[in-house]
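See below for the structure under consideration.
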Amino acid sequence: VQLQASGGGLVQEGGSLRLSCAHSGRSFSPYALGWFRQAPGMEREFVAAIDYEAVVTRYSDSVKGRFTITRDNLKNTITLQMNVLKPEDTAVYYCASGPTTESIKGGRVNSWGQGTQVTVSS
């Protein structure tokens, strides 16, 4: 599975951004998709994940209630709507695929996309 992320940028604190990830390629079974982020000097951390049917979603505690992950299998894309952004949300954001949302949350990822920079100014 190939993944291509886009939509990052610079936004002021309290603002919003929407990230998109286009996915393509063959898989023998339905797969979940998700987002991670990595701030300078920090480890990559889980942000959100969504299952193939777009029924199950998971979020990290730090973004729950502010970020929303959605999936459109007809367009082969997922989006991450980020609202009420904070300076601590500044990071490179990566999309990822894995067997389930639980596996992605646990860091068991099959494919990574390239990162897109999100910068939140205070």
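In this text, all values refer to a predicted model and were calculated from it rather than measured experimentally.
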Give, for atom [atom1] of [X] and atom [atom2] of [Y], the distance between the pair rounded to the nearest 0.5 Å.
| X | Y | atom1 | atom2 | value |
| --- | --- | --- | --- | --- |
| Glu13 | Thr90 | CD | OG1 | 9.5 Å |
| Ser111 | Leu3 | OG | CG | 5.5 Å |
| His23 | Leu33 | NE2 | CG | 5.0 Å |
| Thr77 | Leu19 | OG1 | CG | 12.5 Å |
| Asn110 | Ser103 | CG | OG | 7.0 Å |
| Gln114 | Gln4 | CD | CD | 4.0 Å |

[X] versus [Y], closest heavy-atom pair with distance:
| X | Y | value |
| --- | --- | --- |
| Ala96 | Val109 | CB-CG1, 3.5 Å |
| Thr116 | Ala5 | CG2-CB, 4.3 Å |
| Ile104 | Gly34 | CD1-N, 3.9 Å |
| Leu85 | Arg66 | CA-NH1, 3.9 Å |
| Gln117 | Ala91 | NE2-O, 3.5 Å |
| Lys64 | Tyr59 | CE-O, 3.9 Å |

Check the hydrophobic clustering (I, L, V, M, F, W, Y; side-chain heavy atoms under 4.5 Å; chains of links allowed) and say if [X] and [Y] are grouped together.
| X | Y | result |
| --- | --- | --- |
| Val47 | Ile78 | yes |
| Leu80 | Val120 | yes |
| Trp35 | Val63 | yes |
| Tyr31 | Ile69 | yes |
| Trp112 | Val92 | yes |

Strictly distance-based, threshold 3.5 Å: is any side-chain N or O of [X] a donor or acceptor partner for the main-chain N or O of [Y]?
| X | Y | result |
| --- | --- | --- |
| Tyr93 | Gly7 | no |
| Asp51 | Val56 | yes |
| Asn73 | Tyr52 | yes |
| Gln38 | Met42 | yes |
| Arg71 | Ala54 | no |

Quick one, Lys75 with Ser20, criterion side-chain contact (heavy atoms from CB on, under 4.5 Å). Give me CA distance, side-chain angles, the key distance, then yes/no. CA-CA 11 Å; Lys75 296 181 179 179; Ser20 294; over 6 Å; no
Scan side-chain atoms only and decide if Thr79 and Thr70 contain a donor-acceptor pair under the 3.5 Å cut-off.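 The criterion, which ignores hydrogens and geometry beyond distance, is satisfied for Thr70 and Thr79.
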In sequence, state the C-alpha distance, the side-chain angles, and the governing distance for Asp89 and Lys86, and then conclude on salt bridge (Lys or Arg N to Asp or Glu O under 4.0 Å). CA-CA 5 Å; Asp89 294 319; Lys86 305 174 182 180; over 6 Å; no
Would you call Phe67 and Ser60 a side-chain contact if the rule is heavy atoms closer than 4.5 Å?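 They are not in side-chain contact.
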